[in-house]
Amino acid sequence: MAPLKPHWTQPSHPDVQEVIKASDTEFLTKSVSKVTLPPFAVFAKMSFPPCSFVEEPTYATVQCGRDKHFNLNSDLLYINHSCDPSLIFDTGNFNVLVGPKGLKPGDELTFFYPSTEWSMAQPFDCFCGAPSCRGTISGARDMTKAQLEGVWLNGHVLELLAERDAAPISAPPTTCEDATAQALRHALEHAEKAAEAALSALRSYTETLQIGSSAVAAKVNGTTYTNDSNGINGKAKLNLAVNGTGEFGATAARRGPTSRELSGEMGGDTKSDVSSVV
């Protein structure tokens, strides 16, 4: 695919975004972050201008309503798709937000195209490499509830999904919240579940560290010494003769966990050859 020739001044967001072009003849472009931001912070504004509404969607437009689409007209166009995105395109409020993992310099800037697009003008096969990769990306209309579970979706996408399935995919909204607030609440609930799972794993691991060592008996020069909760035979230290050459102190203590034990207890991003933009 031939790249879209920019008609805006570049770079358009020099403080936060770096555009990397792998080719001038093909659409092999990606963006990386130049800033550190916490989860759900505002990364950029989708202002009008430079954004402009269009009558018909194209591969370069972004959907912001049931029948509303607009051109970004900036380097935000070079933010690619990923099934594990680093950004959220909140088209209800025209904000680009940081995803739930936060953002640091060098992170590739991506968003989940079906979070804005109901039916895409040019579907493509995703090669983001994420464990949750959805394969063919053609818009939220063609995805199952399971494929959309746990990802942030714009209000118009949630409404269209509810109509398609004749039932909402999330809890009914309160009357005081708009569609964007509902979507953010859904993302927060997902993050809380992940935090609960991590906390449970941490508790399980720390409990293993609190278990005392079993009593160990050793015989030296015909005398039996026991390592119990009070040390060796109730003493903190024991002087042992070694080959008749001298003495050394031995302290009864449990060794720390090895890296193998830790690995047993404790337990992408779009590539540069991106195949499409919005």
Side-chain angles (χ1 to χ4, degrees), residues 3-4 6 8 10-23 26-47 50-51 59-60 62 72-117 124-135 137 147-154 180 183-184 186-195 197-198 266-278:
L4 179 68
W8 55 87
Q10 291 185 297
S12 63
H13 295 76
D15 295 334
V16 295
Q17 176 190 17
E18 179 183 359
V19 177
I20 301 174
K21 293 184 178 181
S23 171
E26 297 182 24
F27 213 113
L28 297 176
T29 306
K30 70 176 184 179
S31 295
V32 296
S33 173
K34 297 175 70 174
V35 294
T36 298
L37 290 171
F40 304 111
V42 175
F43 175 80
K45 295 279 189 179
M46 294 181 278
S47 304
C51 296
Y59 78 92
V62 178
L72 291 165
N73 297 325
S74 71
D75 287 347
L76 296 179
L77 175 68
Y78 300 117
I79 296 178
N80 294 320
H81 164 85
S82 175
C83 296
D84 185 19
S86 59
L87 297 175
I88 292 170
F89 270 39
D90 173 13
T91 60
N93 293 301
F94 299 106
N95 288 324
V96 179
L97 306 176
V98 178
K101 297 180 181 180
L103 200 63
K104 63 182 183 299
D107 287 348
E108 183 168 1
L109 302 175
T110 58
F111 80 100
F112 186 63
Y113 284 9
S115 69
T116 62
E117 308 306 303
F124 63 93
D125 291 328
C126 179
F127 299 101
C128 69
S132 58
C133 184
R134 273 73 170 181
I137 304 299
Q147 289 178 306
L148 295 172
E149 185 67 28
V151 295
W152 192 94
L153 301 174
N154 275 278
T180 297
L184 283 170
H186 179 72
L188 179 59
E189 291 172 354
H190 178 71
E192 288 174 344
K193 291 179 181 178
M266 296 181 177
D269 292 350
T270 308
K271 297 179 180 178
S272 61
D273 56 342
V274 174
S275 52
S276 177
V277 174
V278 184

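Predicted model, so just to flag it, every value in this text is computed and none were measured.
- Here Lys45 pairs with nothing under the salt bridge (charged side-chain N to carboxylate O under 4.0 Å, His left out) rule; sequence neighbours left out.
- A distance of 11.5 Å separates OG of Ser82 from CG of Leu109, quoted to the nearest 0.5 Å.
- Legend: residues meeting ring-ring contact (aromatic ring centres under 6.0 Å, His included) with Phe43, ordered by chain and number and at least two apart, are absent.
- Contacts of Pro105 classified as side chain to side chain contact (heavy atoms under 4.5 Å, CB included), with partners at least two apart in sequence or in another chain: Thr36.
- Listed by chain and residue number, Phe111, Phe112, Leu153, Asn154 satisfy the side chain to side chain contact (heavy atoms under 4.5 Å, CB included) test with Ser115 (two or more places apart in sequence, or in another chain).
- With values rounded to the nearest 0.5 angstrom, Met46 atom CE is found 6.0 Å from Thr91 atom OG1.
- Atom OG of residue Ser47 and atom CG of residue Asn73 lie 12.0 Å apart, to the nearest 0.5 angstrom.
- The side chain to side chain donor-acceptor pair (under 3.5 Å) test applied to Gln17 returns Ser31, not counting sequence neighbours.
- Between Leu72 and Cys51, the shortest heavy-atom contact is O-SG, 3.7 Å.
- In this structure a side-chain-to-backbone donor-acceptor pair under 3.5 Å is missing from Thr110 to Asn80.
- With contacts defined as side-chain heavy-atom distances shorter than 4.5 Å, the pair Val62/Glu117 qualifies.
- Partners of Pro39 according to the side chain to side chain contact (heavy atoms under 4.5 Å, CB included) rule, which considers only residues two or more places apart in sequence or in another chain, do not exist here.
- Contacts of Ile88 classified as side chain to side chain contact (heavy atoms under 4.5 Å, CB included), with partners at least two apart in sequence or in another chain: Phe40, Leu97, Trp152.
- Across every non-hydrogen atom of Cys83 and Ile137, the tightest pair is SG-CD1, 4.3 Å.
- Judged as a side chain to side chain donor-acceptor pair (under 3.5 Å), and not counting sequence neighbours, the contacts of Ser132 are Arg134.
- Considering every non-hydrogen atom in both Tyr113 and Ile79, the closest pair reads OH-O, 3.5 Å.
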Report the C-alpha distance between Tyr78 and Ile20 in whole Å, list the side-chain angles of each, state the deciding distance to 0.1 Å, and finish with yes or no for side-chain contact (heavy atoms from CB on, under 4.5 Å). CA-CA 9 Å; Tyr78 300 117; Ile20 301 174; over 6 Å; no
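- How far CD of Glu108 is from CD of Glu18: 11.5 Å, rounded to the nearest 0.5 Å.
- Within the structure, every pair that satisfies the salt bridge (Lys or Arg N to Asp or Glu O under 4.0 Å) test and touches residues 92-106, not counting sequence neighbours, is listed here: Asp84-Lys101, Lys104-Asp107.
- Put simply, CG on Leu87 and CG on Leu103 are 6.0 Å apart, with the number rounded to the nearest 0.5 Å.
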